[in-house]
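In what follows, a single structure is set out as structure tokens and then discussed.
Proteins come first, then strands; the chains are lettered A, B, ... in the order of their sequence lines, and each starts at number 1.
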There are 2 protein chains.
Amino acid sequence: MVTTDLPPNSNDGEMIGSAVASVRSFNRTVTERIGALEQEYLARGRPLGASRLLWEVGEGEDVRVLRARLGLDSGYLSRLVRQLEAEGLVEVGPSPADRRVRHVSPTPKGRAERTLLDRRSDDLAESILEPLTPTHRTRLVDAMAEVERLLTASAVDLRPVDPGSADATRCLRAYFAELIERSATGLDVDSALPNPDELRGAGDAFVVAYLQGSAVGCCALKQYDGGWAELKRMWVTPRVRGLGLGRRLLAHMESLARQAGVGRLRLDTNEHLVEALAMYRSAGYVDIPRYTDEVFATHWFEKHL
Amino acid sequence: MVTTDLPPNSNDGEMIGSAVASVRSFNRTVTERIGALEQEYLARGRPLGASRLLWEVGEGEDVRVLRARLGLDSGYLSRLVRQLEAEGLVEVGPSPADRRVRHVSPTPKGRAERTLLDRRSDDLAESILEPLTPTHRTRLVDAMAEVERLLTASAVDLRPVDPGSADATRCLRAYFAELIERSATGLDVDSALPNPDELRGAGDAFVVAYLQGSAVGCCALKQYDGGWAELKRMWVTPRVRGLGLGRRLLAHMESLARQAGVGRLRLDTNEHLVEALAMYRSAGYVDIPRYTDEVFATHWFEKHL
DNA sequence: ACCATTCGCTGATGTTAGTCAGAGGTATCA
DNA sequence: TGATACCTCTGACTAACATCAGCGAATGGT
């Protein structure tokens, strides 16, 4: 796991001690309990790994995709697939598009087994909820959702990438699509996409936030002569908003800028991106007069590092 | 896992569908993420199981205790211990009290390794908290504590036992100790303990709530001629209060009574047990005149089943 | 037509995690 | 002093979860 983050700008100290103890206790209790229940409900006389694989096959999937998703060795996965094949649960054949690639698809029996696994998974969840009173059930479900979201947020990884890379482009398209929609300017996303060379100067950076391999956010840093730099294209996918990722990206870009000897950071943004406006202000950015003629810009900010 | 619970008296239906989906999603995310981190931080070139064992040894422990706590086969545990011994981390000798029992104690090197594991465990927890902003850290820790408590509550198992068994006696002692303390009557716990035969009549029951093998609560059902029965000695250990266990015990006893053809359930309680009073009332019990001359009783309740 | 690359399978090998039956030492009690 | 129960260890075995090198088939670029 590559983490380019610098130590966070937090007031650690005592509070973190008891927090760490809570997290440890949680890890212990929860993994033990859930692990035991999974064995009980999902093993079904077959290795748990094989059940999981059958689940991932779904309505048919290429072997390479399964390998990436389950993070398994190619040899090992091959054997697991053959085990499912021997049980008559899946069929394997070449992928139509590329005959090197193997495609796994479920047989009717496999589909039935998958449905059953699904049902067992539900039973497992119910066995957790069932002993609780309705009030406590709601509280548990809410707390689980919160833990899951925040654990997800903590798994996000910030990495510098080339501004013309596929991941960068994906982020930028989503960024402009949202901007155009919110500002109702009716522009075209493709024509709005900037030239990647714009961000390939010395000291420039394009950072993408990854969650389990897929891009969920980005931010660019562009340096100018005179000891200042600009933040551009900050975007976070709606699915992971409200988890502090924007703030984390911002802090990360600031530390990159600081490392590069930048003294002042500027940025522009659009009045329709209300969350962004609030975040910049609370992070110490102050309004300054227009300094660009960017189409979408309505507000300009600056912060001394 | 023995569960004698009947289906709970809840309004299941739609709400439980989405709850089940949340629980499943939580299980997936959390076990994957925490599991991966544990491998990364705690394996230390040795099987994870051995690390866990070293942790449980602490400042010295009998093998039988370790076996019970880790739930391992005696042969398997024996081998794990010898592995730690070969690494010079523990020493094994006969227990002074009973020379059949083997006692495992850490060497200085073992103590050092244990400290290191402790540190790595902290690192793991910090690696989860570190990427988050302080606000989100607090939220995560709180939600984790909530999940842990409620998951624990859901793991509680209700089992009928003999009213004279060790577990029953442990519960009753705790029950009377608390009663005496709260009502400040200065009585002696030992002299207050009732004769177990009192609860060994036909249709009587003594139910103990178990959490991971240890008793955390109890309740007795005593039948009388004339189609009615009495609930007695309901107690829940302070550590797991506020998790709905009392309510669950109550529902469980009611269904036992219903199965036995009981039409009216009575109970007495003490005004100092304020949580109990509230619970009985909200569960549909109504105040009735004194019907016993129990020393501690100040309130009498009845419910038609 | 050739070459480098990609994809997956196979065989060899290893570790972790466990189960089971029985041996042998130790304790308890009649 | 037996008989019986208890506690741990040993040896034999199995399942699950991998890792790695190399092979052959398919593909894409030149």
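Here B/Asp62 does not pair with B/Arg102 in a salt bridge; the nearest charged N to carboxylate O distance is not below 4.0 Å. Classification of B/Asp162 and B/Arg200 as a salt-bridged pair holds, one side-chain N sitting under 4.0 Å from a carboxylate O. One finds a salt bridge joining A/Arg119 and A/Asp123 here, because a Lys/Arg side-chain nitrogen approaches an Asp/Glu carboxylate oxygen to under 4.0 Å. A salt bridge links B/Asp157 to B/Arg159: one of the charged nitrogens lies within less than 4.0 Å of a carboxylate oxygen.
Between the base of C/dT26 and the side chain of B/Arg99 there is no donor-acceptor pair shorter than 3.5 Å.
Considering only side-chain atoms of B/Arg100, the nucleotide from D/dC17, C/dT5, D/dC6 that sits closest is D/dC6.
Taking for each of A/Arg52 and A/Asp98 the nucleotide of DNA chain D with the nearest heavy atom, the 5'-most of the two is the partner of A/Arg52.
Of the residues in residues 56-82 of chain B, those placing a heavy atom less than 4.0 Å from an atom of DNA chain D are B/Val63, B/Arg64, B/Arg67, B/Ser74, B/Gly75, B/Ser78, B/Arg79, B/Arg82, in numerical order.
Between C/dC9 and A/Arg102, a contact under 4.0 Å exists linking OP1 or OP2 to a side-chain N or O.
A/Glu148 and B/Thr29 form a side-chain donor-acceptor contact under 3.5 Å, judged by distance and modelled atom types alone. For the residue pair B/Glu59 and B/Ser105, no side-chain donor N or O sits within less than 3.5 Å of a side-chain acceptor on the partner.
Between B/His103 atom NE2 and C/dT26 atom C1' the separation is 18 Å, expressed in whole Å. Rounding to whole angstrom units, CD of residue A/Glu38 and P of D/dA16 are separated by 16 Å. Put simply, CD on B/Gln83 is 10 Å from C1' on C/dT15, counting in whole angstrom units.
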